[in-house]
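Note that the structure is a prediction, hence the values are computed from the model and not measured. Chain letters run A, B, ... following the sequence lines, proteins first and then strands; every chain starts at 1.
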Amino acid sequence: MDRIYTNKDEVLKQGQTMIDKSLRQIIPSAELNTVEELIRGYEQRRKGLFGRLIEWYVFGKKPDNSSQADFNIAGVELKTTPLKRHPQKKYSAKERLVFSMIDYNDVVNETWEQSSFLKKNKHLLLMFYLWIKNKNILDYEFKYIYPLNLLDGISDEDIYQIQKDWEFIVAKIKRGEAHLLSEGDTYYLGACTKAANNTIVRDQPMSNEPAKPRAFSFKQQYINYFIQNKLLGNADANTNSIFKTLRRVETIEDRIKEIFSPYIKKNDRQILFMLGSNLQRKSKSYKRLIVNRILGINSNKIQEIEKANVTIKVITLEATGNLKESISFPAFDYFDLVSQTWSASRGDSMADFHYQLETKKFLFVVFQKQKGSDKIILKRTLFWNFPMKDLDEAERVWQKTVDCINEGRYSELPKMKDSSVAHVRPHGKNAKDTIETPQGTQEMKRCFWLNAKYIQNVIDNQNN
DNA sequence: GCATGATCATGC
DNA sequence: GCATGATCATGC
């Protein structure tokens with residue numbers, strides 16, 4: 001018989017009994033062997049088992065697969081989610097916070113206000129435990145128990161963005177593009193893939209294309225920001241908000257457009273004059289510094305850009321409109337790369353190419369050189385994320401890279417002419433900036449790049 | 001003119 | 001000291 005909870009406080013109080021405790025400490029010793037046996041049989045899906053063990057042993061609730069909130073009577077949805085140790089900040093988010101599966105057939109008939117997502121997740125009880133590699137799930141210790149009301153407990157700007165994210169995802173499914181959904185499409189609320197392997201697919205209502213099963217989730221950077229601010233109190237005094245002085249709610253995209261709009265079609269000197277700023281040195285980051293000034297930051301960061309995993313990229317077109325330079329990613333570690341698998345790309349390794357392509361949003365700030373002048377014009381800004389239709393090609397480049405490294409063929413790493421999408425090039429201080437390879441040799445630091453031509457095509461064809 | 005290799009500058 | 005973003009330099 002399930003224990004009945006009549007209100008949210010009771011659920012919270014019960015959850016709080018787990019602070020600094022692990023399951024092993026509360027499971028009756030007579031049942032421990034049985035549970036250990038159960039865990040051994042699970043291997044792959046241990047996380048689901050972990051949640052059910054918590055429900056049963058902490059809350060006295062029999063596991064079920066109901067799409068109702070976990071504590072129906074009290075209206076509380078329980079979420080257990082891992083923290084990992086962070087050298088400076090104590091803890092950070094290990095993963096996204098995953099909510100329920102997206103039912104492609106039902107969700108197209110919903111509005112945000114009446115969505116099953118909101119119904120189920122309005123009142124959350126977040127249980128953060130400390131994840132440690134190879135540790136038995138019975139020994140994970142809980143660190144924070146936090147009741148979160150989605151509509152009251154999150155700022156107006158954030159919940160507005162989350163609503164717009166939800167609506168974007170649903171609109172895409174309505175267009176028959178569920179198979180093209182990507183976490184990078186949206187800012188805080190993402191549609192993350194959720195399947196044990198790549199072969200599992202689902203039907204979608206507006207198209208015959210099979211689509212990967214996906215769930216709503218808070219993107220990893222968003223939940224991490226939550227952890228830093230609400231749990232750890234690491235409110236960064238060096239963080240600015242683009243909504244600071246604004247008295248209405250707007251999306252991140254609209255707000256950024258608005259901030260840049262007075263400077264569009266102006267040249268670098270005019271912009272600096274308008275800003276009352278002075279940057280004489282024409283260093284490689286000159287334009288990036290101008291962009292920072294426009295955004296009102298120096299070395300500090302913008303909260304929304306961080307939370308939404310947006311990467312700002314300065315793009316400089318030639319006077320002809322031609323783009324010369326490709327876009328670099330962080331340098332990779334040869335050992336890491338060969339140990340990764342393409343499909344198991346999760347937040348565990350945020351530097352992983354696939355993870356970045358599928359979760360990142362880019363803000364391109366496009367400048368253009370001018371014929372017969374050294375002035376540079378700010379042409380436009382655009383938001384972009386890597387489209388899922390090109391993911392197979394990116395995988396091919398990645399796979400070839402992995403093969404080359406495994407076989408020690410470093411001169412044959414994928415070049416620009418080998419792919420229309422991406423290639424591998426050096427990315428170090430200089431040719432002497434090397435790291436160790438699996439062969440025990442030293443190789444110069446390298447990274448993945450998105451081809452200049454590929455990005456040029458994006459800029460020429462995307463008008464937002 | 002472009003692909004590829006190489007390096008600079010900044011900020012943490 | 002190093003990671004990262006951005007661009008430079010060379011040779012075909």
Tabulate below the donor-acceptor pairs under 3.5 Å that side-chain atoms of residues 325-333 of chain A make, not counting sequence neighbours, or state none.
residue	atom	partner	partner atom	Å
A/S326	OG	A/A452	N	3.0
A/D333	OD1	A/F335	N	2.8
A/D333	OD1	A/D336	N	3.1

Self-check item: 5′-ward residue of the pair A/N292/A/D418 relative to DNA chain B
Solution: A/D418
Quiz item: Within the distance-only criterion (no hydrogens, no angle test), does the side chain of A/Q456 pair as donor or acceptor with the backbone N or O of A/L323 below 3.5 angstrom?
Solution: yes
Using a cutoff of under 3.5 Å, can you pull out all pairs of nitrogen or oxygen atoms linking the protein to nucleotides 10-12 of chain C, with atom names and distances?
none

Quiz item: Is A/K453 touching bases, backbone alone, or none of the nucleic acid, heavy atoms closer than 4.0 Å?
Solution: sugar-phosphate
Quiz item: Is it true that A/E177 and A/K172 have a side-chain N and a carboxylate O under 4.0 angstrom from each other?
Solution: no
Exercise. Could you tell me whether a side-chain N or O of A/R214 sits under 3.5 Å from a main-chain N or O of A/L181, the two making a donor and an acceptor?
Key: yes
Exercise. Going 5' to 3' through nucleotides 3-8 of chain C, assign each nucleotide B (protein heavy atom under 4.0 Å from a base atom), S (under 4.0 Å only from sugar-phosphate atoms) or - (no protein heavy atom that close).
Key: SSBBBB
Quiz item: Using 30° and 60° as the class limits, which term best fits the ring planes of A/W449 and A/H423: parallel, tilted or perpendicular?
Solution: parallel
Exercise. Spell out, as yes or no, whether a donor-acceptor pair under 3.5 Å connects the side chain of A/E77 to the backbone of A/H123.
Key: no
Quiz prompt | Upstream residue (5' side of DNA chain B) when A/S411 and A/N322 are each assigned their closest nucleotide | solution = A/N322
Quiz item: A/N451 side chain N/O closer than 4.0 Å to the phosphate oxygens (OP1, OP2) of B/dC2?
Solution: no
Quiz item: Under a 4.0 Å N-O cut-off, is there an ion pair linking A/D268 with A/K375?
Solution: no
Quiz item: Any chance the side chains of A/N309 and A/K219 put a donor and an acceptor closer than 3.5 Å?
Solution: no
